[in-house]
Amino acid sequence: MGTNLLFVPGNNPAMVQNAGILGADIVIFDLEDAVAGDQKDAARSLLKNALESMEYEGCETSVRINAMDTLHWEADLRTVAAAGIDGLVIPKAEHSDDINTISGILDSIPEANEIFLIPLVESALGVENVYQIAASSKRIRGIFFGAEDYTADIGTVRTKGSKEILWARGRIVNGAAAAGVEAIDTPFTDVEDIEGLKKDTLFAKALGFDGKASISPRHCGFIREIFYPEDEEILYASRVMDTVKEAEKAGKGVASMDGKMIDKPIVLRALKVLRAAGIKEDFKYE
Amino acid sequence: MEKQYGDKIVGIAHEIATLKGIGNVRILIQDRGALDYAIRARIETAIERFERGI
């Protein structure tokens with residue numbers, strides 16, 4: 001999927017038009033929190049026209065639609081899906097049924113065949129249901145953890161130390177992995193604190209997250225640098241995949257490389273490295 | 001600005017009004033250097049709000 005996702009306010013023409021050059025792997029045009037209630041229609045129309053008229057090269061585009069308990073979500077979804085978007089971020093995801101509803105609508109829109117979904121899990125109930133949400137649709141590319149709303153929901157205070165979200169982060173990573181999708185970490189909200197961002201991103205990577213979102217273009221490069229694999233890692237992962245595929249072709253049950261057996265965890269790790277490097281690998285472990 | 005882009009902006013307004021089936025209305029455009037896509041969006045929104053009586 002890519003390592004860094006950047007929120008761009010969906011009502012800001014200058015940022016919308018420059019979104020493709022801000023260094024993000026996936027741009028998230030925001031129709032939810034960034035847009036006031038009486039400006040939802042204007043922002044939706046702005047995005048529709050931007051998506052229909054502009055090429056965003058070098059990044060994928062997505063839209064965070066409004067939550068399903070509002071009057072806006074379905075108009076958001078239908079408008080941007082038909083206008084040409086790569087993915088949708090679904091806020092306040094709590095139930096697999098909600099994802100199924102959205103998938104069903106997308107299935108009825110011819111232009112929406114390839115649209116991926118990233119449910120944003122940001123409540124106590126969402127965290128409890130994360131596996132069911134992650135496994136609810138083939139359209140799901142990843143689960144995105146939203147810590148600000150989550151900490152408010154469980155009645156605690158968000159801190160830079162992030163101890164209060166440790167359990168939820170682990171559950172998000174686990175649920176996403178069990179469903180075979182990626183886990184995206186919550187943004188680091190202090191735009192000026194680059195050392196804090198690096199520390200938080202390194203910790204998220206160590207927990208098993210595949211990428212991290214940000215609210216500032218300044219953060220994109222640092223996040224990519226941390227999540228992007230080293231050259232040696234990419235080379236090793238490529239050799240692992242070549243070896244496994246050769247063994248499979250030769251009808252061998254077991255593959256080995258450099259005198260070591262290549263078992264499933266090694267293959268899965270190699271696939272994760274290649275994915276983080278943006279290298280497409282269709283190999284499926286039987 | 002009006003000399004350079006005035007005709008184009010008015011053309012966009014006419015195009016969208018026609019697409020929406022709107023005639024006999026006055027559209028006031030304050031040019032602040034927006035690109036085509038933003039002008040289209042603003043006019044579309046204005047017409048839709050007009051239709052909804054907002």
Side-chain angles (χ1 to χ4, degrees), chain A residues 8-22 27-32 34-57 59 61-66 70-86 111, chain B:
Chain A
V8 169
N11 58 350
N12 183 325
M15 287 196 75
V16 166
Q17 119 197 9
N18 292 320
I21 57 168
L22 299 176
V27 168
I28 306 171
F29 295 115
D30 191 12
L31 288 177
E32 197 207 21
V35 181
D38 62 354
Q39 292 300 314
K40 299 287 187 188
D41 56 347
R44 189 186 304 131
S45 180
L46 188 76
L47 276 188
K48 177 186 87 98
N49 281 281
L51 292 165
E52 285 175 346
S53 63
M54 276 187 256
E55 295 287 331
Y56 291 97
E57 290 175 5
C59 71
T61 54
S62 67
V63 172
R64 175 163 73 168
I65 61 173
N66 283 281
T70 69
L71 296 171
H72 309 292
W73 71 271
E74 191 168 353
D76 292 346
L77 186 157
R78 290 185 181 279
T79 302
V80 298
I85 196 85
D86 297 313
E111 298 91 338
Chain B
M1 193 64 86
E2 190 180 345
K3 273 186 187 171
Q4 207 169 350
Y5 297 109
D7 288 348
K8 192 170 184 184
I9 293 170
V10 171
I12 292 171
H14 276 300
E15 181 194 326
I16 295 168
T18 304
L19 276 174
K20 296 273 184 189
I22 296 280
N24 200 25
V25 292
R26 179 173 292 178
I27 300 174
L28 176 65
I29 299 172
Q30 287 181 304
D31 178 32
R32 293 182 185 173
L35 291 181
D36 283 13
Y37 88 93
I39 297 168
R40 283 177 190 279
R42 298 292 185 242
I43 297 171
E44 272 181 14
T45 304
I47 291 173
E48 284 163 12
R49 286 180 180 177
F50 172 75
E51 288 172 333
R52 295 201 308 270
I54 297 173

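What you are looking at is a predicted structure, and each value in this text was computed from that prediction instead of being measured. All chains are named by letter (A, B, ...) in the order of the sequence lines, taking the proteins before the strands, and each is independently numbered beginning at 1.
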Just verifying a value: how many Å separate B:Ile39 CD1 and B:Ile12 CD1, rounded to the nearest 0.5 Å? 4.5 Å
Quick one: pull up CD1 in B:Ile43 and CD1 in B:Ile27 and give me the separation to the nearest 0.5 Å. 6.0 Å
Side chain proximity check, A:Pro13 to A:Leu46, heavy atoms < 4.5 angstrom: yes
Flag the pair A:Val63 / A:Leu31 as yes when at least one side-chain heavy-atom distance between them is below 4.5 Å, and no otherwise. yes
Smallest separation among heavy atoms of A:Val16 and A:Val8, with atom names: N-CG1, 4.1 Å
For chain B and chain A, give me every donor-acceptor pair shorter than 3.5 Å, distances to one decimal.
{"from": "B:Tyr37", "atom 1": "OH", "to": "A:Pro13", "atom 2": "O", "distance (Å)": "2.7"}
{"from": "B:Ala41", "atom 1": "O", "to": "A:Ser45", "atom 2": "OG", "distance (Å)": "3.3"}
{"from": "B:Glu44", "atom 1": "OE1", "to": "A:Ser45", "atom 2": "OG", "distance (Å)": "3.0"}
{"from": "B:Glu44", "atom 1": "OE1", "to": "A:Asn49", "atom 2": "ND2", "distance (Å)": "3.3"}
{"from": "B:Glu44", "atom 1": "OE2", "to": "A:Lys48", "atom 2": "NZ", "distance (Å)": "3.3"}
{"from": "B:Arg49", "atom 1": "NE", "to": "A:Asp41", "atom 2": "OD2", "distance (Å)": "2.8"}
{"from": "B:Arg49", "atom 1": "NH2", "to": "A:Asp38", "atom 2": "O", "distance (Å)": "3.1"}
{"from": "B:Arg49", "atom 1": "NH2", "to": "A:Asp41", "atom 2": "OD1", "distance (Å)": "2.7"}
{"from": "B:Arg52", "atom 1": "NH2", "to": "A:Asp41", "atom 2": "OD2", "distance (Å)": "3.1"}

